[in-house]
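For clarity, every value in this text was computed on a predicted model and none was experimentally measured. Here is the naming used below: chain letters follow the sequence lines, and residue numbers restart at 1 for every chain.
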2 protein chains.
Amino acid sequence: MRRLVIVVEYLGKNYQGWQAQQHKNTICDVLTEAMQKVLCHDVMLFVSGRTDLGVNALRQYAHFDTDSTISTMGLCMGVNTKLPPDISVKECYEVPSNFDARFSVEAKTYLYKIYISPTPSPMRHFTHAQLYFPLDIDKMKQASQYIIGEHDFKAFMARGGHAKTTVRTVYDIDIKQVDDEVHFEVTGNGFLYNMVRIIVGTLVKVGQGKIPPQQVKEMIEQKRRALGGKTMEPQGLYLKSVKYQQKFLQYLQPVKKDKKG
Amino acid sequence: MRRLVIVVEYLGKNYQGWQAQQHKNTICDVLTEAMQKVLCHDVMLFVSGRTDLGVNALRQYAHFDTDSTISTMGLCMGVNTKLPPDISVKECYEVPSNFDARFSVEAKTYLYKIYISPTPSPMRHFTHAQLYFPLDIDKMKQASQYIIGEHDFKAFMARGGHAKTTVRTVYDIDIKQVDDEVHFEVTGNGFLYNMVRIIVGTLVKVGQGKIPPQQVKEMIEQKRRALGGKTMEPQGLYLKSVKYQQKFLQYLQPVKKDKKG
């Protein structure tokens, strides 16, 4: 039995998320079906973490077991011929049997993209959120310092989330202006239901001058969701990367070929 | 009577182009209908130049005449409420009656985006072309020098094009690697049918090492389409900007407001 891990990119807008309560038009379902066609046996995918309805991924990871002797490149190529254009298997690696796409995670990075324009931008309609007015980047950076670290993030969890503990560690928040866009990168050891979208919505409210940066500190301490901003729309959110435990890193990278000249 | 010009962004994938022979699901039709709803009179749009089936625009220009007293911002906002998300009126300006969106053009810049990856990228499926292997940027730059200048570009016109003369001037070609993408920007005084897509397809063939840069010179001199590369797919092409005659520039920019310090 071999354990393989796939790296998947998807545009979330046409799906109910990675996995829905009622299995129906989910990324996991479409992907599983495509893989079963190629592997000719039942496939059970274990994902690094579910993404919600409409959320995108640049590098989502999922593992599965197989007796097939297919090459990792052959699997990518084969499965992609069975997938719609909004889902793609980018890479595939063989990993030890103690690797787990969910439990071997050390950190995840989410990216959120907003463009600033008084009029809609068709090229970015399905991949970005839109705001009409510029944001104060410095104020948002100041507010982000209160979020970084280990905290009880109860105030940053949407209703419907059920986590054993609401304590999480946010390692870093990077905020930058890129032409007429603002990009937020949030790295942490794990995230509660809608947590990144509430973090960004709260930082946006600070950047709009509607609440002072210090209020984010109070929001965390008092565990009061109402002190923050709105939950941002899903289409601007991307699971950007997943960092696995050190001992597995050697398995999770392309085999280096000698480059000519 | 006032003459107004609109700046339009659109994602071309759902349309037959700006204007098709048989009026049917074109950007011009959808836009005209939305504008008529807002202005309550017939609108005739004159465009800087038609874009083909599936081609995108970041800043397409079109002028029209109206007796309406609507503000330029009011027109943008109003029309956008009547448009689908893949078409947007970004800006609107009042111009003198001798301005013509087509005949007052001095230069146009087209952008072509390719991503390089052995597997498909869902986030870029509708907005980029895909190539499997890296391109030699230096060789393509060398080849592009033969294209820059005034030439008879007969070899760069697709069948179905009907132009009085096939002589055009290409002012500049900028080619750059941006992460895993290659971007081509082609600026000229006008372009023949499919000319930019054939220029990029030919440069790609050079960048793949399939033809030497010098062959592009022969292609132009001998007017032989067969010496070049394929016509690239439409979804990677964007009308990026249109430069108008100097005397009109003052009308085509947002009114500057004093910024608060």
First locate atom CG of A:Asp86, then atom OG of B:Ser121, and finally report the distance between them rounded to the nearest 0.5 Å.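 Here the interatomic distance stands at 11.5 Å.
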Using heavy-atom distances under 4.5 Å, tell me whether A:Leu58 contacts chain B through its side chain, its backbone, both, or neither.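 Contact with chain B involves the side chain of A:Leu58 alone.
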Take a 6.0 Å sphere around CD of A:Glu33 and say whether it holds more than 12 heavy atoms from other residues, nucleotides or ligands.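 Counting other residues, nucleotides and ligands, CD of A:Glu33 stays at 12 neighbours or fewer.
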Heavy-atom count check: over 12 atoms from other residues, nucleotides or ligands less than 6.0 Å from B:Lys240 NZ?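 Not buried by this count: 12 neighbours or fewer within 6.0 Å.
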Check: A:Ser88 side chain, B:Pro120 main-chain N or O, donor-acceptor pair, under 3.5 Å: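 Checked: pair present.
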Determine the minimum heavy-atom distance between A:Cys76 and B:Thr119, stating which atoms define it.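 Smallest interatomic distance, heavy atoms only, reads CB-CG2, 4.4 Å.
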Check B:Met123 against A:Tyr10 and note the closest heavy-atom contact, atom names and distance.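 Nearest pair, atom of B:Met123 first, then A:Tyr10: SD-O, 3.5 Å.
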Do A:Pro118 and B:Met77 have side-chain heavy atoms sitting under 4.5 Å apart?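 In short, these two side chains touch, coming nearer than 4.5 Å.
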Among B:Met73, B:Lys90, B:His125, single out the residue with the greatest number of heavy-atom pairs under 4.5 Å to chain A.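 The option with the most such pairs is B:Lys90.
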